Chemist: 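Here you go, one structure.
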Amino acid sequence: MSAYQNELQGLFDMVYYAPTDNERYLANEMAVQSLREALEQDNSFYWKWNFGTKVSILTASDRQFRIFTWPVVRDNGEYECFGFVQSWNEKTSRFDVYVLN
């Protein structure tokens with residue numbers, strides 16, 4: 001998980017600080033792919049992800065799901081939100097990952 005953490009930290013830095021919309025959206029596409037892959041790994045639910053204030057991570061009090069959300073801010077000040085829900089599936093005894101659109 002630490003390899004994913006390091007990769008994603010760099011990608012989310014680019015999502016926030018890249019100088020152009022195109023660069024921010026390209027970094028975001030890579031972050032979405034990498035985070036989804038990471039969240040599908042066993043034990044990823046229990047990893048203490050740390051992206052500072054760039055990504056909001058909310059965990060349900062019963063620990064049945066987590067929500068990851070973040071914005072991409074455009075040059076004109078508008079923003080688009082992205083995210084995932086990672087939730088426990090009792091039938092498969094695994095966490096499922098859902099993309100938020």
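These figures come from a predicted structure and were not determined experimentally.
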Chemist: Is there side-chain contact between Trp47 and Gln41, with at least one heavy-atom pair below 4.5 Å?
Modeler: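 No - every pair of side-chain heavy atoms lies 4.5 Å or more apart.
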
Chemist: Output the distance between atom CD (Glu90) and atom CD (Gln64), rounded to the nearest 0.5 Å.
Modeler: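 Glu90 atom CD to Gln64 atom CD measures 6.5 Å (nearest 0.5 Å).
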
Chemist: Which heavy atom in Arg24 sits nearest to a heavy atom in Arg74, and how many Å separate them?
Modeler: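 Minimum heavy-atom contact is NH2-C, 3.7 Å.
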
Chemist: Tell me whether Val32 is reachable from Tyr4 by hopping between hydrophobic residues (I, L, V, M, F, W, Y) whose side-chain heavy atoms are closer than 4.5 Å.
Modeler: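 Yes, Tyr4 and Val32 fall within the same hydrophobic cluster.
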
Chemist: Check whether Asp21 reaches the backbone of Asp75 with its side chain - one donor and one acceptor, N or O, closer than 3.5 Å.
Modeler: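 Yes: the side chain of Asp21 pairs with the backbone of Asp75.
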
Chemist: Would you indicate whether the side-chain heavy atoms of Lys54 and Gln9 approach each other to under 4.5 Å?
Modeler: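 In contact.
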
Chemist: Let me confirm one number: the CD-CZ distance from Gln86 to Arg94, rounded to the nearest 0.5 Å.
Modeler: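 Gln86 CD to Arg94 CZ: 10.5 Å, rounded to 0.5 Å.
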
Chemist: Ignoring hydrogens, what is the shortest heavy-atom contact between Leu11 and Ser34? Give both atom names and the distance.
Modeler: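 Closest heavy-atom pair between Leu11 and Ser34: CD1-CB, 4.4 Å.
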
Chemist: Identify the two heavy atoms, one from Trp49 and one from Ser44, that lie closest to each other, and give their separation to 0.1 Å.
Modeler: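 So the two residues come closest at NE1-O, 3.4 Å.
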
Chemist: Which heavy-atom pair separates Thr53 from Tyr16 by the least distance, and what is that distance?
Modeler: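 The pair with the smallest heavy-atom distance is O-OH, 4.2 Å.
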
Chemist: How close do Pro19 and Glu23 get, heavy atom to heavy atom, and via which atoms?
Modeler: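 Closest approach of Pro19 to Glu23: CG-OE1, 3.1 Å.
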
Chemist: Could Arg66 and Phe45 be counted as a cation-pi pair, given that NZ or CZ must be under 6.0 Å from the ring centre and within 45° of the axis?
Modeler: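 Yes, Arg66 sits over the ring of Phe45.
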
Chemist: Please say yes or no: joined through hydrophobic side-chain contacts below 4.5 Å, possibly via intermediate residues, are Tyr25 and Phe68 part of one cluster?
Modeler: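 Yes; tracing contacts between hydrophobic side chains, which count when under 4.5 Å, links both residues.
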
Chemist: Are the side chains of Leu35 and Val55 in contact, using a 4.5 Å heavy-atom criterion?
Modeler: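 Side-chain contact under 4.5 Å: no.
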
Chemist: Does Ile57 belong to the same Ile/Leu/Val/Met/Phe/Trp/Tyr cluster as Leu100, with side-chain heavy atoms less than 4.5 Å apart forming each link?
Modeler: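 Hydrophobic grouping puts Ile57 apart from Leu100.
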
Chemist: Hey, what's the ring geometry for Phe82 with Trp70, parallel, tilted or perpendicular (30° and 60° as the breaks)?
Modeler: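 Rings of Phe82 and Trp70: parallel, as their planes differ by under 30°.
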
Chemist: Check Leu39 against Phe84 and note the closest heavy-atom contact, atom names and distance.
Modeler: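 Minimum heavy-atom contact is CD1-CB, 3.9 Å.
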
Chemist: Can you measure from CZ (Phe95) to CG (Asp42) and round to the nearest 0.5 angstrom?
Modeler: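 Separation between the atoms: 10.5 Å.
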
Chemist: Do the side chains of Arg36 and Val99 get nearer than 4.5 Å, heavy atoms only?
Modeler: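 Side-chain contact under 4.5 Å: yes.
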
Chemist: Judged by atom type as modelled, is there a donor-acceptor pair below 3.5 Å linking the side chain of Ser87 to the main-chain atoms of Phe65?
Modeler: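 Flag not set: sc Ser87 to bb Phe65 has no pair under 3.5 Å.
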
Chemist: Let me check something: do Tyr17 and Val15 share a hydrophobic cluster, defined by ILVMFWY side-chain heavy atoms less than 4.5 Å apart, either directly or through other members?
Modeler: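 As far as the 4.5 Å side-chain criterion goes, Val15 and Tyr17 are connected within one cluster.
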
Chemist: Looking only at atom types and distance, does a side-chain atom of Arg63 sit under 3.5 Å from a main-chain N or O of Tyr46, one as donor and one as acceptor?
Modeler: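 Flag not set: sc Arg63 to bb Tyr46 has no pair under 3.5 Å.
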
